[in-house]
**Q** 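Have a look at the structure that comes next, please.
Whatever order the structure lists them in is the order used to number ligands and atoms, beginning at 1. Hydrogens, waters and symmetry mates play no part in the numbers below; they use all other heavy atoms, side chains included.
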Amino acid sequence: MVSVMPLLNWSGSKRRLVLSALLICAIILELACCQEHRTPPAKKPKPHKLKPAKSTPKGPRALAAKPKVKASPAGPVQTALTQVLNRGKFKKVGDTISVRSGDTLELRCRGKPVQWSVPALLEEDHDGRLKMTQHERYGVLTLVNSTGADTGEFTCFPMYCEDADCRREYDKAIKVFVFFPDPQELFVPSSDYYQVIQLRTNWPTVLPCQVTSPQAKVSLHRELPPGEVAVDGTDISFDVKKGFTINRPRPHHAGALFCVASLGNLRQSSTKYMLIYVHYPMAPPAPAVEASSSSVTVGENLRVSCTVVGEQDVAVEFSWEYPGQEIGRPLYTQESVSAVAGGALRQRSQSVLLVDEVREVDQGSYTCTALNLQGARSVSTTVTVLPRAKPKKKP
Ligand SMILES: *[C@@H]1O[C@H](CO)[C@@H](O)[C@H](O)[C@H]1NC(C)=O
């Protein structure tokens with residue numbers, strides 16, 4: 001397919017806008033899809049200054065408990081995470097624990113001081129159910145009136161302090177995944193009726209249907225045609241702490257999917273996931289530019305072509321910068337996409353800049369920029385314009 005279009009300034013920028021919009025969309029979709037397992041509020045990986053005990057703790061929602069003790073020079077502290085049960089019993093936590101929804105979760109983490117991170121939904125909780133306090137040798141996290149929606153990962157970061165400077169010891173962080181089984185809600189509720197998820201070639205995609213109970217039996221279903229999706233553990237796998245992962249997305253995975261959880265007499269469906277497949281390039285394009293001639297005489301025609309050989313079905317956008325641009329010289333481009341002979345999965349995308357009847361102002365550098373969802377690359381070539389040979393005087 002070949003299209004000819006006038007290369008006006010707005011046209012290039014408009015097309016760039018469209019692609020930027022696409023890129024932004026892609027980013028938004030990615031954010032949407034990854035919200036469930038985004039990094040806990042480790043917002044400051046930098047050394048964290050511990051203020052003297054009187055000052056108010058800074059930072060969003062003050063996840064760091066106000067230390068009751070002044071940090072003293074201390075070597076690496078030994079840490080352990082325990083769950084405080086009723087009647088003052090302690091239990092060392094494993095990978096996961098379950099706390100009946102409605103009950104209180106109390107975690108104690110050795111370290112002076114410690115910081116905590118909590119599931120994203122809980123971090124936004126403002127009704128005062130979550131408390132963090134620091135004692136001399138350990139920190140305590142308390143969550144009262146728990147609900148199934150609190151299900152997720154809780155992490156304790158012991159801090160390493162030198163004088164008043166403390167930093168998180170990431171390698172000593174202790175994580176525990178806490179389920180809050182809720183007899184009414186098998187899934188951690190989502191605020192959206194459906195969620196759009198982008199499936200990119202070669203990028204694992206998570207359908208974050210998080211259950212509140214590790215005992216729930218979870219299956220994956222397609223809306224149209226209705227049916228259960230086979231989960232073989234390789235192409236598609238399930239993790240009770242995460243949901244389903246499509247490990248190698250392919251176009252046939254696209255569509256509307258949802259999870260179904262059953263436990264006892266209860267059977268519930270998750271939010272709907274609208275999976276959109278995007279041919280995602282492995283790398284930015286690698287354009288090559290070539291002028292029909294590196295020196296042309298005034299009045300002749302010039303063609304500058306920019307070619308990208310790349311993966312099939314990956315859209316490439318071209319834009320040009322050329323000497324006559326500033327004075328508004330209207331040039332034309334011809335764009336085409338063709339299959340590469342012999343190479344089954346490759347295609348050639350090309351943009352040809354046409355300069356009719358070259359003038360002196362057309363001398364200089366011609367730059368082609370090729371853009372795909374992975375990024376942009378530019379290449380240039382220089383064209384010299386020669387004056388028209390003076391007509392020989394007739395004798
Ligand atoms: C927890 O629930 C009880 C009973 O419903 C209520 O009185 C109390 O205020 C709640 N506490 C918090 C911190 O929300």
**Q** Would you check the N or O atoms of Arg129, main chain and side chain alike, for any that come under 3.5 Å of an N or O of ligand 1?
**A** no
**Q** Looking at every non-hydrogen atom in both residues, tell me the closest pair between Cys209 and Ser270 and how far apart they are.
**A** CB-CB, 3.9 Å
**Q** Between Arg100 and Asp103, does at least one N-O distance fall below 4.0 Å, as a salt bridge requires?
**A** yes
**Q** Quick one: which ligand 1 atoms are inside 4.0 Å of a heavy atom on Gly128?
**A** 13 (C)
**Q** From atom 14 (O) of ligand 1, is the closest protein heavy-atom distance below 4.0 Å?
**A** yes
**Q** Go through it in stages, so that I can follow the logic: the residues are Glu223 and Lys272, the test is salt bridge (Lys or Arg N to Asp or Glu O under 4.0 Å), and I'd like the CA-CA distance, side-chain angles, deciding distance and then a yes or no.
**A** CA-CA 9 Å; Glu223 198 167 59; Lys272 231 173 263 174; 2.9 Å; yes
**Q** Looking at Asp150 and Arg129, is there a salt bridge between them, counting it only when a charged N and a carboxylate O are closer than 4.0 Å?
**A** yes
**Q** In terms of side-chain geometry, is the basic nitrogen of Lys175 or Asp95 positioned less than 4.0 Å from the acidic oxygen of its partner?
**A** no
**Q** Going by the order shown, which atoms of ligand 1 are within less than 4.0 Å of some heavy atom of Val144?
**A** 13 (C)
**Q** Under 4.0 angstrom from atom 11 (N) of ligand 1, is there any protein heavy atom?
**A** yes
**Q** Give the residue, atom name and distance (to 0.1 Å) of the protein heavy atom nearest atom 5 (O) of ligand 1.
**A** Asn145 ND2, 4.7 Å
**Q** Considering all protein heavy atoms, does one lie under 4.0 Å from atom 2 (O) of ligand 1?
**A** yes
**Q** Answer with yes or no whether the hydrophobic clustering places Ile246 together with Val229; edges join I, L, V, M, F, W, Y residues whose side-chain heavy atoms lie under 4.5 Å apart.
**A** yes
